[in-house]
**Q** 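Structure provided below as structure tokens; questions to follow.
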Amino acid sequence: MRRGLLALLLLLLVLPLGADTLDEVGVRGVLRWAGDASGGGPYIFDGPDGALTGFEVELARELAGRLGVKDAFVQGQWDKLPQLMDRGGADIVLNGYEWSAEREASWPSSVPYYVYTLQLMARKSDGLSSWEDLRRPREGRRQRVGVLSGSAAERCVRERLGESVEILGYDGVTNVLRLVEQGQLDATVQDLPIAVHYGPQFPALVRVGDPVAPGWYVIFTRKGDERLKARINEALRGMFLDGTLRRIYAKYGIWSPEQESLVAIGAHWPPAAASAPRAPTEPLRWFALLAKAAWTTLELAVLSMPLAMLVGLLVALGRLYGPRWLGIPLEVYVEFLRGTPLLLQLFVIYYLLPGIGIRIPAFWAGVLGLAINYSAYEAENYRAGLLAVPKGQWEAALSLGMAPRVALWRVVVPQALRIVIPPVTNDFIALFKDTSVCSVIAVVDLTGAYNRLYNDHPREVLQLGLMAAFLYLAMSYPMSLLARRLERRLGHGRIA
Amino acid sequence: MIEARGILKSHGALKVLDGISLSVAKGETAVLLGPSGGGKSTLLRCLNGLETFDAGQIDVAGHRLLPGRRDEAELTALRRRLGMVFQQFYLFPHMTALQNVASGPRYALGRPREEAEAEAQVLLARVGLGTRAQARPDQLSGGQQQRVAIARALAMKPEAILFDEPTSALDPRMAAEVTAVMADLARAGQTMVVVTHAMGFARAVARTVHVLHAGRIAESGPPEQVFTAPREDVTKAFLHEASGG
């Protein structure tokens, strides 16, 4: 490690100009490639022996070999892999990334290594026969199509079917296939390699129609790494011409005749930028999208918090004043929900409950998950608040002849509610931000929408970031003001 | 009205109440005096069931209290007929003065708000706070708060009111406001049991003074006798100390 660093320093002295990651890779003897193993097969996944496997794993190994170095896999979150590379965490991005003019502008791409197509999949029992069948409403609502967030599949469905279907974006692949199988989604559009790889594991699903909308998987490099890119292109061409690529793809069942076109396409790479100049109204469209998502955030928070407060109060009352047998189950409730991540709880509610016949629409699953999760925190707030009411208040109420239950509701609880205003306000603001976790169940809140836009328009990070920050502030600041006013108004109830 | 016999209460080895007996007649103002830790407040709190005791029995306002487990419903019924005023007032901070006074009739007896608050307004006037009905407790002085607390107890039309050091947390001027109200009540024939250190009040208002020491009643008698011709050494020592000697 230290020797590597020293060599790097020397290198920087020797090559002050024209520095290229290729030199660094050579000195290090390792090509670091970024991917996301949670994306699944056949790209990068855990093989039966526990070792990383997949056609991209083999591709990376072969590529590094042709550059005369070893390869090292760097795990990252899929939609943030280029940023990981930009920060210096990896040398290249190699993980089913589709080429687009937008991406090309930020990260120069290698020649394509795979021609993918998009495959529509649905339940066998539904008898869907074409894309057009999706336009028909089902049970009085639009059909639901699940896709990978920010993928070419998402854009393709939007372009072909537009508003006639409900498009839901997810972070994973197998979870979407399961949702189709369970009936929460009606169909999904996946890159063909995924359909090939996971088809056998989901026998209830069938491929509908021919694959459509071909596109190219490419390797992204950092800007300025021209020599590294050239070496990669040369290696990829070599792998194509000597049959290495075909051998790898065939091994994973994803070789197709279209792959033959790769060399010809690669000869004139990248394609001339066909992207039209950005319409001046484009930022307005972004803002509208973000504002709509902000509204979702608001709805999630405003619907779930009162529920969390109510359940929390009841749990706290049960623990402090309820029958003794109730104490342990309630304590378990609180500790379990505080001790497990919200993400997992949402996952259980949305993906696992349908297994026992309980199907909750994504938005309401989000509200429920947030409410249940936060009820545990509110229960502790209220417990502390109830205990903070002076004993004398109880005695005064009882001495007036109020029954204990009446004293609790009329005297103790109202004071406890005032005591806990600050911590509950805090939690409300925290919940606002936690709504972003709902993206795992395809509920697009402000953070989710920002991530997607950013993914499509990586160069507009500043503009998009400012818009999102503004919207968050526009929601949370009035909330703080309201809480402060509430506190001041009820603050008269200072405890003597 | 109140008849306590042989009340025994211990905290471990310490006998807080050591077989105390106390009798208070209807319309009587009884004052409990004595050094701190003598058991005055504990005895008072046993009378309305805020504390339990180990032996003896108490007959109060038509209910009988015995050692051991209590029936909450019966305690609640007893407390509706027996008011209590605390040293720290314990007004409900989330209610106005008027709502505090009306809280007993409204929430303990379930009477309509308008009716309860109309009566509460009269009681506030009676303790000299007719104009402060809408004030919150933290907007009132200590003396005013204690007078609201007295009005709150009166609102239940109790057969007797227990006062637990009602002026100890107040400066002399505010204490005087409170004792003036209590003296009025005594003249009106309200049965009262008062734990206090205020000798002036005891002298002027009490019909009977009981001196408690070490969990027992050392001496009982009319104030003129107890203050001017104490029979017991304990009383003499206490009076000597209390007069600043």
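So that the names make sense, note that chain A is the first sequence line, chain B the second, and so on, each numbered from 1.
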**Q** Among residues 21-49 of chain B, which residues come closer than 4.5 Å to chain A, judged by heavy atom distances?
**A** B:Arg45, B:Asn48

**Q** Within a radius of less than 6.0 Å around CZ of B:Arg70, do more than 12 heavy atoms belonging to other residues, nucleotides or ligands occur?
**A** yes

**Q** Is there a side-chain contact (heavy atoms from CB on, under 4.5 Å) between A:Ser399 and B:Phe86? Walk through the geometry before answering.
**A** CA-CA 10 Å; A:Ser399 295; B:Phe86 299 84; 3.6 Å; yes

**Q** Please check if the side chain of A:Gln393 supplies one atom and the backbone of B:Leu91 the other of a donor-acceptor pair under 3.5 Å.
**A** yes

**Q** Does atom CZ of B:Arg126 have more than 12 heavy-atom neighbours, drawn from other residues, nucleotides or ligands, at distances under 6.0 Å?
**A** no

**Q** What's the separation between atom CG in B:Leu82 and atom CG in A:Leu400, rounded to the nearest 0.5 Å?
**A** 11.0 Å

**Q** Which residues in residues 402-410 of chain A have any heavy atom closer than 4.5 Å to a heavy atom of chain B?
**A** A:Met402, A:Ala403, A:Pro404, A:Val406, A:Arg410

**Q** Look up atom OG1 in B:Thr76 and atom CG in A:Leu398, then write down how far apart they are to the nearest 0.5 Å.
**A** 7.0 Å

**Q** A:Gly401 and B:Ala108: which non-hydrogen atoms are nearest, and at how many Å?
**A** O-CB, 3.3 Å

**Q** Counting heavy-atom pairs under 4.5 Å to chain A, which of B:Arg79, B:Arg106, B:Arg80, B:Met84 comes out on top?
**A** B:Arg79

**Q** Can you tell me if A:Tyr477 has over 12 outside heavy atoms packed within less than 6.0 Å of its OH?
**A** no

**Q** How about A:Ile328: does its CD1 atom have over 12 heavy atoms from other parts shown lying under 6.0 Å from it?
**A** no

